[in-house]
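In what follows, chains are A, B, ... by sequence order, proteins preceding strands, each numbered from 1.
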Amino acid sequence: MDRVPILKLGRTLLVSIQIDLQDATALALQEDLSERIVATGARGVLIDISAVEIVDSFIGRMLSTIAAVSRVLDAETVVVGMRPAVAITLVELGLSLGGVRTALDVEKGLKLLAAAVETEPDELAGEAD
Amino acid sequence: MDRVPILKLGRTLLVSIQIDLQDATALALQEDLSERIVATGARGVLIDISAVEIVDSFIGRMLSTIAAVSRVLDAETVVVGMRPAVAITLVELGLSLGGVRTALDVEKGLKLLAAAVETEPDELAGEAD
Amino acid sequence: MNPVEVSASETVDIRIDQDVVRVRQKMRALAVTAALTLVDQTKVVTAASELARNTLIYGGGGQAVLELVQRSPTKGVRISFTDQGPGIADIALALTDGYTTGGGLGLGLSGARRLVDEFELESAPGAGTTVVITKWGR
Amino acid sequence: MNPVEVSASETVDIRIDQDVVRVRQKMRALAVTAALTLVDQTKVVTAASELARNTLIYGGGGQAVLELVQRSPTKGVRISFTDQGPGIADIALALTDGYTTGGGLGLGLSGARRLVDEFELESAPGAGTTVVITKWGR
Ligand SMILES: Nc1ncnc2c1ncn2[C@@H]1O[C@H](COP(=O)(O)OP(=O)(O)O)[C@@H](O)[C@H]1O
Ligand SMILES: Nc1ncnc2c1ncn2[C@@H]1O[C@H](COP(=O)(O)OP(=O)(O)O)[C@@H](O)[C@H]1O
């Protein structure tokens with residue numbers, strides 16, 4: 001089974017899905033990400049799916065689960081680069097990806113994550129000190 | 001029945017769950033904490049679950065209830081140290097722990113509580129959500 | 001209406017996780033050959049992925065047959081999934097959004113049906129399951 | 001598909017609160033023996049905890065039977081809960097997220113099902129309830 005690599009950039013974990021995900025790989029990514037969030041104290045997760053040709057209900061669920069798990073672990077997830085054909089298909093399939101934040105591209109996604117982390121109360125207090 | 005001890009550190013109540021919680025113990029903790037918040041005027045509650053191997057719907061509900069009750073009593077609750085496997089399982093079980101603030105570890109949790117207390121509610125009101 | 005002609009056909013065994021990926025890839029290649037639009041390619045590949053996973057998980061494995069079809073002058077793709085698994089007792093229920101017996105999202109059958117032009121499901125308890133979907137070019 | 005073999009089995013009575021904790025602990029030990037991943041151990045223990053509580057609260061007590069199972073070459077764990085309680089009249093409803101007759105979160109049955117690989121529920125009003133779940137290694 002292939003494994004999707006996870007990169008760390010400051011307080012953000014970066015994932016770029018470049019392969020056609022088999023279910024076991026998707027599950028492993030979910031678990032690897034949760035572990036890395038806890039191990040690194042990352043506050044953001046950015047998942048680039050611009051190379052992903054289809055998102056079926058299994059992969060869609062993986063994205064929702066990653067978003068929910070990261071939230072429980074005090075990190076924010078953004079999914080970027082979804083292709084228009086994938087977005088249309090997802091909607092017809094019946095998946096809404098509720099709870100998953102999306103952005104157009106990596107740059108916009110990183111901005112969104114930076115904003116989410118900067119407005120945290122502890123950060124505000126840290127600056128006031 | 002075992003009882004989970006509650007420690008007081010300044011204006012914060014500290015709980016570290018070290019045992020496999022039976023339901024009655026979870027309920028007792030919920031009640032003990034409410035009483036101690038009122039008795040001590042604590043402004044923060046920190047619950048360390050780093051030793052907790054599973055959070056099922058009963059324990060998850062206990063955490064949500066503690067967070068909600070403390071809020072009503074003018075205190076903030078932070079849950080820290082959730083294991084990655086617990087986070088994934090919680091989400092698949094269907095629990096979102098909505099309303100429960102989380103942080104990576106005790107240190108980050110205490111910072112978060114300090115910030116919440118220092119920044120008075122009316123100051124935060126403009127920023128919230 | 002003109003009759004449907006089959007001009008190419010290929011069989012894929014579905015035994016392991018990775019076979020679901022193979023079905024997707026072969027379905028994509030065929031959809032490109034049939035000159036489906038990018039959106040239609042994506043839809044039929046997604047539908048095939050859902051059904052291949054069902055064949056594996058609920059059917060205990062089986063086969064997919066991919067076909068290039070033509071009903072002059074329109075080209076299209078067809079894929080049939082067959083398994084000898086437990087079958088489906090209540091087909092209408094299985095086709096309901098959100099219904100699952102396995103802890104999925106319950107969108108595989110219902111969603112796949114929405115994504116294609118033709119959808120046939122044949123199943124009975126103990127007699128296995130066959131699903132055939134077709135997507136036509138525009 | 002190879003047949004399922006049972007290689008170890010243990011019974012736990014579920015009469016009091018503390019028995020739910022015992023089920024969790026024994027389930028964990030068995031999942032470790034079956035070499036499940038940490039995440040899969042956590043999932044099956046959590047599912048067992050939900051079902052043990054239902055056996056106690058709704059079933060009025062009962063039994064859990066824990067088994068180490070094997071379908072060559074895969075190992076797994078299975079746990080069955082049985083009670084002689086009032087049973088469940090509408091099983092589909094009981095399996096719906098959020099449905100509870102007892103003031104719970106209504107996630108016990110539906111959530112447990114999502115956490116495991118196989119889930120069987122047999123129940124009828126007056127005839128008690130049996131739930132069997134299985135989690136396989138990867
Ligand atoms: N090939 C099959 N063999 C037996 N049962 C099936 C098959 N495909 C689907 N089903 C049944 O139909 C239900 C709904 O399927 P689906 O809509 O794909 O949702 P999901 O895959 O999320 O369970 C499944 O949970 C299963 O009970
Ligand atoms: N062993 C059982 N015996 C009788 N009824 C049960 C049993 N287990 C579950 N139920 C019924 O199914 C409902 C849903 O159960 P569940 O999903 O576990 O939610 P909860 O435990 O929060 O009520 C219960 O409220 C109860 O009515």
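- Here salt bridge (charged side-chain N to carboxylate O under 4.0 Å, His left out) pairs that include residues 121-135 of chain C, with residues two or more places apart or in two chains, are Asp40(C)-Lys135(C).
- Per-residue heavy-atom pair counts under 4.5 Å with chain A were compared for Thr46(C), Asp19(C), Asp17(C), and the maximum is reached by Asp17(C).
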inquiry  = side chain to side chain contact (heavy atoms under 4.5 Å, CB included), that's the test. Do Thr42(C) and Ile88(A) meet it? Break it down for me.
reply    = CA-CA 9 Å; Thr42(C) 307; Ile88(A) 291 176; over 6 Å; no
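- Among pairs with a residue in residues 2-13 of chain C, those fulfilling side-chain hydrogen bond (donor to acceptor under 3.5 Å, both in side chains) read Glu10(C)-Lys26(C), Asp13(C)-Gln63(C), at least two apart in sequence or across chains.
- Between chain C and the options Met1(A), Arg61(A), Arg83(A), the largest number of non-hydrogen pairs under 4.5 Å is found for Arg61(A).
- Other residues, nucleotides and ligands contribute only 12 or fewer heavy atoms inside 6.0 Å of the NZ atom of Lys111(A).
- Both the backbone and the side chain of Arg114(C) come within contact range of chain A, with heavy atoms under 4.5 Å apart.
- In this structure, chain A has a heavy atom under 4.5 Å from the backbone of Ala112(C), while its side chain stays farther away.
- In this structure, Glu50(C) contributes its side chain and Asp56(A) its backbone to no donor-acceptor pair below 3.5 Å.
- Between chain A and the residues Gly106(C), Gly98(C), Ser49(C), the most heavy-atom pairs under 4.5 angstrom are made by Ser49(C).
- To the nearest 0.5 angstrom, Arg28(C) atom CZ is 9.0 Å from Asp20(A) atom CG.
- Contacts of Leu95(A) with chain C are made by both backbone and side-chain atoms, with heavy-atom separations under 4.5 Å.
- Note that CD of Gln41(C) is 12.5 Å distant from CD1 of Ile54(A), once rounded to the nearest 0.5 Å.
- From Leu115(C), atom CG reaches atom CG of Leu90(A) across 9.5 Å, with rounding to the nearest 0.5 Å.
- Taken from CD in Glu92(A) to CZ in Arg113(C), the straight-line distance is 13.5 Å, to the nearest 0.5 Å.
- How far CG of Leu93(A) is from CG of Leu107(C): 6.0 Å, rounded to the nearest 0.5 Å.
- Residue Val20(C) does not touch chain A at all, counting heavy-atom pairs closer than 4.5 Å.
- Atom CD of Glu53(A) is separated from atom CD of Gln25(C) by 8.5 Å, given to the nearest 0.5 angstrom.
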